[in-house]
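The structure presented is a predicted model; accordingly, all values stated were derived computationally and were not measured. All values below were derived from every heavy atom in this structure, side-chain atoms included, with hydrogens, water molecules and symmetry-related copies excluded.
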Amino acid sequence: MPELVMQLTRAGFLILLWLFVLAALRVVRSDLYAASGLRVPTPKFGRGAKKDVRGNKAARQLVVTHGALAGTRISLDGRPILIGRADDSTLVLDDDFASTRHARLSMRGTDWYVEDLGSTNGTYLDRAKVTAPLRVPLGSPIRIGKTVIELRS
């Protein structure tokens with residue numbers, strides 16, 4: 001094999017190796033940045049009534065329906081729910097497909113909204129990828145990796 005072909009092959013593999021290392025560092029950097037605790041302020045609301053203005057039942061619990069934490073229930077009191085692998089998350093997921101700070105559920109008025117926090121694998125509300133804050137109806141599945149959660153009254 002000619003010496004030039006061998007040198008070009010080595011250079012190509014070296015470039016691919018460095019691209020892989022840089023991509024890995026980018027992912028680690030984004031996880032570290034998210035874990036730094038930088039939070040966006042959300043409006044605080046007191047405990048709402050059991051029914052909203054339209055007469056619909058208000059969500060009172062967050063229930064994990066599928067995944068390693070199936071059966072887990074979290075009472076909703078109007079404060080935002082942070083979901084991810086970080087130890088200070090409200091719902092800590094032990095899921096390889098979840099990011100450190102994956103998603104947030106927050107209350108706006110009487111409705112709950114889900115927001116993806118720049119996760120690697122995305123957050124899905126009833127099979128639709130969450131790209132902006134979306135209102136979460138009662139009983140609609142929210143999928144984060146292998147974990148599925150729902151809001152219930």
Side-chain angles (χ1 to χ4, degrees), residues 12-50 52-54 56-153:
F13 279 127
L14 187 61
I15 290 171
L16 284 175
L17 176 67
W18 276 107
L19 287 174
F20 175 76
V21 168
L22 291 175
L25 287 174
R26 182 174 171 233
V27 169
V28 169
R29 180 179 159 256
S30 69
D31 276 355
L32 288 176
Y33 176 72
S36 68
L38 182 64
R39 296 185 182 185
V40 177
T42 56
K44 305 257 189 224
F45 294 100
R47 292 181 184 236
K50 301 236 190 255
D52 66 12
V53 177
R54 295 177 296 262
N56 297 330
K57 290 183 179 179
R60 295 175 51 200
Q61 286 185 343
L62 175 73
V63 180
V64 180
T65 58
H66 292 89
L69 298 173
T72 302
R73 296 176 181 270
I74 297 174
S75 296
L76 302 175
D77 59 2
R79 289 182 285 182
I81 305 289
L82 187 62
I83 304 168
R85 288 191 332 232
D87 290 334
D88 63 340
S89 297
T90 311
L91 180 61
V92 179
L93 301 178
D94 186 23
D95 189 340
D96 293 336
F97 297 102
S99 297
T100 304
R101 298 224 186 274
H102 196 99
R104 175 179 30 235
L105 280 166
S106 57
M107 191 174 207
R108 297 182 187 171
T110 57
D111 295 326
W112 284 90
Y113 284 78
V114 64
E115 174 183 6
D116 186 82
L117 299 176
S119 64
T120 305
N121 294 316
T123 303
Y124 294 85
L125 175 62
D126 206 13
R127 297 185 192 173
K129 189 168 185 174
V130 176
T131 57
L134 292 176
R135 190 178 78 78
V136 181
L138 287 177
S140 293
I142 301 169
R143 186 171 54 85
I144 297 172
K146 296 177 183 176
T147 305
V148 179
I149 58 177
E150 293 180 3
L151 293 179
R152 295 193 179 159
S153 60

Closest non-hydrogen atom pair between M107 and G78, with its separation = SD-CA, 3.8 Å
Hey, is CG on D126 packed in by over 12 heavy atoms from elsewhere, all under 6.0 Å?
-> yes
Any donor-acceptor N/O pair, T65 side chain to V148 backbone, under 3.5 Å = yes
Is a donor on one side and an acceptor on the other found under 3.5 Å between the side chain of D111 and the backbone of R135?
-> no
Is the backbone N or O of A98 less than 3.5 Å from a side-chain atom of R85, with the two atoms forming a donor-acceptor pair by type?
-> yes
Shortest non-hydrogen contact from S119 toward G122 = OG-N, 3.1 Å
Passes side-chain contact (heavy atoms from CB on, under 4.5 Å), I149 versus V63? Steps please.
-> CA-CA 5 Å; I149 58 177; V63 180; over 6 Å; no
Please assess R101 against D88 for the test side-chain contact (heavy atoms from CB on, under 4.5 Å), listing each intermediate value before the final yes or no.
-> CA-CA 10 Å; R101 298 224 186 274; D88 63 340; 3.0 Å; yes
Evaluate the side-chain proximity of S89 to L82: yes if any heavy-atom separation is below 4.5 Å, no if none is.
-> yes
Got a second to check how far T72's OG1 is from L62's CG, nearest 0.5 Å?
-> 9.5 Å
To the nearest 0.5 Å, tell me how far I83 CD1 sits from L117 CG.
-> 9.0 Å
What distance do R60 atom CZ and D77 atom CG have between them, rounded to the nearest 0.5 Å?
-> 12.5 Å
Tell me, please, which residues at least two apart from L125 pass side-chain contact (heavy atoms from CB on, under 4.5 Å).
-> V114, V130, L134, V136, S140, I142
Separation between CG of L105 and CD1 of I81, rounded to the nearest 0.5 Å | 7.0 Å
Let me know which of D116, T120, L93, L91 forms a side chain to side chain contact (heavy atoms under 4.5 Å, CB included) with H102.
-> D116
Considering residues at least two apart in sequence or located in another chain, which fulfil the side chain to side chain donor-acceptor pair (under 3.5 Å) criterion with T147?
-> none
Does any pair with a residue in residues 143-153 pass salt bridge (charged side-chain N to carboxylate O under 4.0 Å, His left out), and if so which ones, sequence neighbours excluded?
-> E150-R152
Side chains of R108 and P133: does their closest heavy-atom pair fall under 4.5 Å?
-> yes
For residues W112 and A59, report the shortest heavy-atom separation together with the two atoms involved.
-> CD1-CB, 3.8 Å
Does OH belonging to Y124 count more than 12 external heavy atoms closer than 6.0 Å?
-> yes
Hey, what do you get for CD1 (I74) to CD (Q61), rounding to the nearest 0.5 Å?
-> 10.0 Å
